[in-house]
2 protein chains.
Amino acid sequence: MKLILASKSPRRREILGMLGLHIEILTLDTAEEGDREHCTPDALVRSLAAQKVKAAWENVKDRPDAEDLVVLSADTIVYHNGRVLEKPKDHEDARNMLHALSGDQHQVYTGYAVVYRGKTADGFSRTDVQFRELSDAEIDAYVATGDPMDKAGAYAAQGRASLFVEKIEGDYFNVVGLPASDINVTMKKTFGFGLTEPD
Amino acid sequence: MKLILASKSPRRREILGMLGLHIEILTLDTAEEGDREHCTPDALVRSLAAQKVKAAWENVKDRPDAEDLVVLSADTIVYHNGRVLEKPKDHEDARNMLHALSGDQHQVYTGYAVVYRGKTADGFSRTDVQFRELSDAEIDAYVATGDPMDKAGAYAAQGRASLFVEKIEGDYFNVVGLPASDINVTMKKTFGFGLTEPD
């Protein structure tokens, strides 16, 4: 098996690397369509991940090694009080998001989809995240690092903002961007093998 | 302020590095005494961390820069069904621990202690960890990597064994070995400053 990660996220690469997996990266500039107004968060992330993996599979399915390929994609959103938080537009937007999350609980949803020989295994994972009360100075200092700008919800749980997190309930790696433990189980059920051997 | 980590654990160093902190490492070969029979898990880890930090403070308190030093130590245990799981003695012991944790919930406790100008800030953090059902093949393959041998409870949450974890409740970094978010809050309360600036 040869694992292809259809994602630009360096965090997802790191999680797979931590598992000792050698991966090929495939990045396509596709614009996924998601109905943020009328979808539940889990339906939204599953749909976005499915669109990404479909585009990636179309791109590789005629390769001579297509029979060995496992193509994985994922999409992560932050959900707070009924609102989907995407990547912030600018520093002002990032500050507003962090003020909204301060002292409150939010949810992180990651949808994933895996294709092997044309068959798809998919699912999602949800983690509840409780933030501490943040001071203006803390938020300003964090935004000034630039770290929030390419992150849904304007923070990365694995960096300086780990100090903002009081507790989580669910899978930590889902918050980082890839619920590998859940993906592993779903792959085993659907394909008979998981991310690592032996199963 | 100059942070000294009195711990041999590379995981603790990595957590502080992730926060952008420059640290000095001080490793002393002290044998901490813990009453595993008659202490609650939180009392045990607090006591072990306090002993470590006391020895470290004694070692540095006469340095010319002693006024600027913040000395931090921590101790982590895995607690399952009323039993403290330490580092496994051998592969057999590691396999037995992982079989015991399989499909069940356990607790990870980290006690910490910080000394600044002779004053101590201390506390502990507890995280509940739910393991999936593990197959013999999974356990054998993981033990064969050697990864369990220097870890309390015979696993590291940030490596291949992340696939064993179904969910956690609490602080993820506490499971890795250092509840930096909680330490930061406790330091602010006691010393008026935390691990990072600004507070």
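First the proteins, then the strands, lettered A, B, ... as listed; each starts at 1.
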Is there a path of hydrophobic side-chain contacts, each under 4.5 Å between heavy atoms of I/L/V/M/F/W/Y residues, joining [Y] to [X]?
| X | Y | answer |
| --- | --- | --- |
| B/Trp57 | B/Met1 | no |
| B/Phe173 | B/Val45 | no |
| B/Leu69 | B/Leu195 | no |
| A/Leu16 | A/Leu26 | no |

Less than 3.5 Å apart, which donor and acceptor atoms pair up between the side chains of residues 143-155 of chain B and the rest of the protein, not counting sequence neighbours?
| residue | atom | partner | partner atom | Å |
| --- | --- | --- | --- | --- |
| B/Thr145 | OG1 | B/Tyr142 | O | 2.5 |
| B/Thr145 | OG1 | B/Asp147 | N | 3.2 |
| B/Asp147 | OD1 | B/Lys151 | NZ | 3.2 |
| B/Asp147 | OD2 | B/Tyr142 | OH | 2.8 |
| B/Lys151 | NZ | B/Asp147 | O | 2.8 |
| B/Tyr155 | OH | B/His106 | NE2 | 2.7 |

Next on the checklist: What verdict does the side-chain contact (heavy atoms from CB on, under 4.5 Å) test give for B/Asp182 and A/Arg132, after you've listed the backbone C-alpha separation in whole Å, the side-chain angles of each residue and the deciding distance to 0.1 Å?
Outcome noted: CA-CA 10 Å; B/Asp182 198 58; A/Arg132 300 185 187 282; 4.2 Å; yes

Item to check | Toward chain B, the part of A/Ala157 with a non-hydrogen atom under 4.5 Å | outcome: backbone

Next on the checklist: Ring-plane angle category for B/Tyr172 and A/Tyr172, please: parallel below 30°, perpendicular beyond 60°, tilted otherwise.
Outcome noted: parallel

Checklist outcome for this item: Applying salt bridge (charged side-chain N to carboxylate O under 4.0 Å, His left out) to B/Lys167 and not counting sequence neighbours gives A/Glu169

Checklist entry - Applying a criterion of heavy atom separation less than 4.5 Å, what residues of residues 17-24 of chain A form contacts with chain B? => result A/Met18, A/Leu19, A/Gly20

Checklist entry - Which of residues 81-103 of chain A have a heavy atom under 4.5 Å from any heavy atom of chain B? => result none

Next on the checklist: As an exercise: rank B/Asn184, B/Ile168, B/Leu134 by heavy-atom pairs under 4.5 Å with chain A and give me the winner.
Outcome noted: B/Ile168

Checklist entry - With chain A, which of B/Asp171, B/Asp140, B/Val185, B/Thr127 has the greatest number of heavy-atom pairs at distances under 4.5 Å? => result B/Val185

Checklist entry - To the nearest 0.5 Å, how far apart are CZ in B/Phe164 and OG in A/Ser181? => result 9.5 Å

Next on the checklist: What I want to find out is whether B/Glu138 reaches A/Lys188 closely enough, with some N-O distance under 4.0 Å, to be called a salt bridge.
Outcome noted: yes

